[in-house]
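Here the structure is laid out as structure tokens; the discussion comes afterwards.
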Amino acid sequence: MSEPEITDLTEAEARAELKRLANVLARANEDYHGKDAPQISDAEYDALKRRNAKIESRFPALKRSDSPSDQVGAKPSETFSKITHAVAMLSLGNAFSDEDVEDFLQRNRKYLGLSDQDPIPVTAEPKIDGLSLSLRYVGGQLEHAATRGDGTTGENVTANARTIDDIPQSLTNAPELLEVRGEVYMSHADFAALNERQAASAGKLFANPRNAAAGSLRQLDAGITRSRPLRFFAYAWGALSEPLADTQSGAIARLSALGFQTNPLTKLCEDAAQLIAHYRDIEARRATLGYDIDGVVYKVDSLALQERLGFRSTTPRWAIAHKFPAELAWTRLEAIDIQVGRTGALSPVARLTPVTVGGVVVSNATLHNEDYIAGQDSKGQTIREGKDIRPGDWVQVYRAGDVIPKISDVDLARRPSGTSPYSFPHRCPQCDSEALREEGDAVRRCTGGLICPAQAVEKLKHFVSRGAFDIEGLGAKQVEQFYTDEWIREPADIFRLRENYESGIRQLRNREGWGDKSAANLFDAIDDKRTIPLARLLFSLGIRHVGEAASNLIAFHYGTWDALIAAVTAAKDLSGPEWDDLNAVDGIGSVMAGSLVTAFSQPAERASVDRLVEQLTVLPAERPAADDSPVAGLTVVFTGTLERMTRAEAKARAEKLGAKVAGSVSAKTDILIAGPGAGSKAKKAADLGVRTVDEQEWLDLIGSA
DNA sequence: TATCCTCGAGTTCC
DNA sequence: CTCGAGGATA
């Protein structure tokens with residue numbers, strides 16, 4: 001490459017180079033968004049952008065106001081299509097101690113109604129530190145490969161997966177439909193060799209094997225992926241046309257027989273002691289394995305038991321990851337900054353002298369809240385032996401769950417003299433409003449409401465975020481810019497951008513990186529979201545305590561926006577039939593209900609919401625088409641002793657079949673399932689004329705296998 | 001009233 | 001990914 005090395009640039013040269021890059025990239029954007037054919041390739045474009053970012057990081061003071069790094073409407077980097085997983089790819093719960101492993105087994109015994117001594121065979125295998133991949137085979141042929149993504153939808157990386165030797169293109173004697181799941185990773189030796197090659201060709205160095213594997217798999221050019229030495233271990237499956245086996249270990253053996261690599265350290269254990277012994281064994285061999293692992297995964301061996309145990313909201317009950325202790329590093333705490341969230345929460349963030357922890361450079365860490373800095377946990381218990389955290393201190397950093405940097409210890413011997421404990425601000429650093437901490441709360445909150453620019457912007461960011469309106473091309477950065485420019489002050493303004501622009505009130509075109517074309521794209525993306533499901537709208541409003549799950553419950557309960565508004569308005573005194581009705585919704589308590597009602601009774605907030613809804617079409621919430629199970633849509637109550645299954649299991653299974661499980665009998669109850677020893681509930685059911693069945697009748701009714 | 005579970009809100013780095 | 005807190009349950 002003819003371009004000079006960045007390290008050799010003088011300041012003046014760097015300034016000129018940044019200007020040149022800004023021009024070249026701006027032209028490339030125009031070409032892309034306009035009708036002209038692009039003059040440079042994707043790869044060249046990305047290389048220029050990277051070069052620009054590198055120079056900026058070396059000379060931060062020279063960063064241009066129209067820096068291409070901040071550009072809106074730039075070429076979308078995502079060009080992988082999306083694939084929705086037939087069976088969701090979930091994450092695992094974690095165990096950090098031997099005791100947690102015992103708890104895992106005990107919890108499962110309890111859920112299954114087994115006695116404390118009953119054996120539950122469990123497999124143990126190394127947890128590979130790579131990225132998970134789902135491979136779909138139809139008729140024995142590899143149909144597609146998808147990354148995990150958010151667990152529901154991943155990226156289609158089929159062409160790249162086909163270049164990996166460990167991934168068979170076709171299978172013999174496989175089920176007609178088979179989704180194989182496993183981990184793509186890179187060995188230590190291959191990682192070192194790759195970085196050497198990268199260095200020789202002045203390419204980007206990877207921080208660790210996992211990043212190298214991720215970067216290699218997500219190449220737009222499969223030819224590059226082919227040149228990277230990726231490997232694959234199979235350890236699970238998704239959709240299947242027929243079972244692979246009746247145990248976890250049997251299924252893994254079957255995957256191995258089909259031609260997949262499976263981990264040789266997978267072992268079937270009989271009890272917690274064996275699991276822990278195998279964990280220690282794997283831990284001892286960790287350094288010599290030749291690839292990164294970050295723990296050991298335990299899975300209940302019997303697939304029948306796995307089926308019975310089922311899932312919690314995001315994790316299976318029948319599996320857990322036993323993590324190795326986190327890597328630690330010492331560094332200096334340079335400063336404590338305060339961030340203001342959308343609810344006004346003041347969050348302290350540690351600014352650190354950059355330090356490598358577990359393969360990545362960390363320069364920020366969360367400090368949670370006031371008490372955490374002082375050395376107390378949420379229950380007022382002393383942590384870090386009471387050592388408080390002060391700017392200037394040497395602190396020990398680790399990455400919780402190998403992700404979020406946290407501070408675990410302070411070296412008092414190296415504390416500079418003359419420091420005093422950090423005093424947490426009692427006023428908002430952004431708007432100077434009073435910041436109050438409510439009795440019993442861990443967080444201190446800015447009371448400025450929408451007066452506070454930080455809260456206003458964070459609320460808008462939430463509004464356009466993924467689970468909310470999810471407007472393409474309008475992310476956090478753009479929202480901040482639009483807010484600063486006073487184009488968007490409240491959600492309703494987003495839906496007025498087009499008219500304001502077209503009527504000439506606002507001029508996007510004067511800003512670098514925007515043309516009529518990119519503006520039109522943005523407005524189209526906004527118009528796409530003018531029709532919105534009720535639950536999403538509610539979630540988008542960012543009402544405290546009302547998140548995604550609560551929004552769904554509330555939306556289903558009321559059905560339409562008008563019904564919701566009418567009821568919530570009528571409940572404004574936190575009493576009356578509408579208030580009671582809202583509190584009776586399963587999963588909604590007085591705090592959530594109060595937050596919802598209060599939000600709509602503040603005149604200013606209510607007016608703002610009305611201005612927004614005026615411009616939208618709100619889709620009514622419909623219960624997911626209750627499957628054709630005989631109990632779908634019915635409200636049932638369990639009482640007495642259940643003999644064939646535990647309470648928790650019965651509840652989970654009934655809910656899976658579309659029934660609603662309530663705690664007490666009322667006129668709304670459709671069926672009471674009464675086991676031996678049923679008391680007052682059975683009597684009440686009889687009084688109300690509610691249909692009562694015993695456990696066996698219930699199982700017959702739901703056609704339990 | 002204590003305990004378990006789930007959700008909400010906050011966070012980092014690539 | 002984690003913590004804290006709300007809600008349901010025993």
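Residue D586(A) places its side chain closer to dA8(C) than to any other of dC1(C), dT6(B), dA8(C). The side chain of E548(A) sits closest to dG8(B) out of dG8(B), dA9(B), dT12(B). The V360(A) side chain lies nearest to dC13(B) when the options are dC13(B), dC1(C), dC7(B). Between dG6(C), dA9(B), dA8(C), one nucleotide has an atom nearer to the side chain of V591(A) than all others, and that is dG6(C). Here the nucleotide nearest the side chain of N369(A), chosen from dC13(B), dG10(B), dG4(C), is dG4(C).
Rounding to whole angstrom units, CG of residue N211(A) and P of dT12(B) are separated by 18 Å. Nucleotide dC7(B) holds its C1' atom 12 Å from the CG atom of N552(A), rounded to whole Å. For the pair M592(A) CE and dG4(C) P, the computed distance is 18 Å after rounding to whole Å. Following rounding to the nearest Å, I588(A) (CD1) and dT6(B) (P) show an atom-to-atom distance of 16 Å. To the nearest angstrom, C1' of dA9(B) lies 13 Å from CD of Q455(A). At whole-Å resolution of the value, CG in L553(A) and P in dG6(C) are 17 Å apart. Per the geometry, NE2 belonging to H368(A) stands 15 Å off P belonging to dC1(C), to the nearest Å. Going from atom NE2 of H545(A) over to atom P of dA9(B) covers 7 Å, rounded to whole Å.
In this structure, S363(A) and G344(A) both approach DNA chain B, and ranking their closest nucleotides by distance from the 5' end singles out G344(A). Residue A345(A) is the one, among A345(A) and A207(A), whose nearest nucleotide of DNA chain B lies closer to the 5' end (criterion: closest heavy atom).
The side chain of N583(A) places no N or O atom within less than 4.0 Å of a non-bridging phosphate oxygen (OP1 or OP2) of dG7(C). T366(A) has no side-chain polar atom (N or O) that falls below the 4.0 Å cut-off from OP1 or OP2 of dG10(B). Taking 4.0 angstrom as the limit, K406(A) places a side-chain polar atom (N or O) nearer than this to OP1 or OP2 of dC3(C). Between T343(A) and dG8(B), a side-chain N or O to OP1/OP2 separation shorter than 4.0 Å is absent. For the OP1/OP2 pair of dG10(B) and a distance below 4.0 Å, the side-chain nitrogens and oxygens of Q339(A) include no atom meeting the criterion. Between R544(A) and the phosphate of dG8(B), there is no side-chain N or O to OP1/OP2 separation shorter than 4.0 Å. Put simply, N364(A) has a side-chain N or O that comes within less than 4.0 Å of OP1 or OP2 on dC13(B).
Nearest heavy-atom pair across V349(A) and L367(A) is C-CD1, 4.1 Å. When all heavy atoms of S595(A) and H545(A) are compared, the pair lying nearest together is CB-ND1, 4.1 Å.
Backbone-only contact: S590(A) has heavy atoms under 4.0 Å from sugar-phosphate atoms and none from a base. If you check every strand for non-hydrogen atoms under 4.0 Å, A550(A) touches sugar and phosphate atoms only. Contacts of V362(A) with the nucleic acid, taken as non-hydrogen atoms under 4.0 Å apart, involve only primed sugar atoms and P, OP1 or OP2.
The CG atom of L534(A) sits 9.5 Å away from the CG atom of N552(A) when rounded to the nearest 0.5 Å.
Ion pair D294(A)/R210(A) not flagged as a salt bridge, since none of the NZ, NE, NH1 or NH2 atoms sits closer than 4.0 Å to an Asp/Glu carboxylate oxygen. Using a 4.0 Å cut-off between charged nitrogen and carboxylate oxygen, K477(A) and E480(A) do not count as a salt-bridge pair.
When only modelled atom types and interatomic distance are considered, S408(A) and Q396(A) share a side-chain donor-acceptor pair under 3.5 Å.
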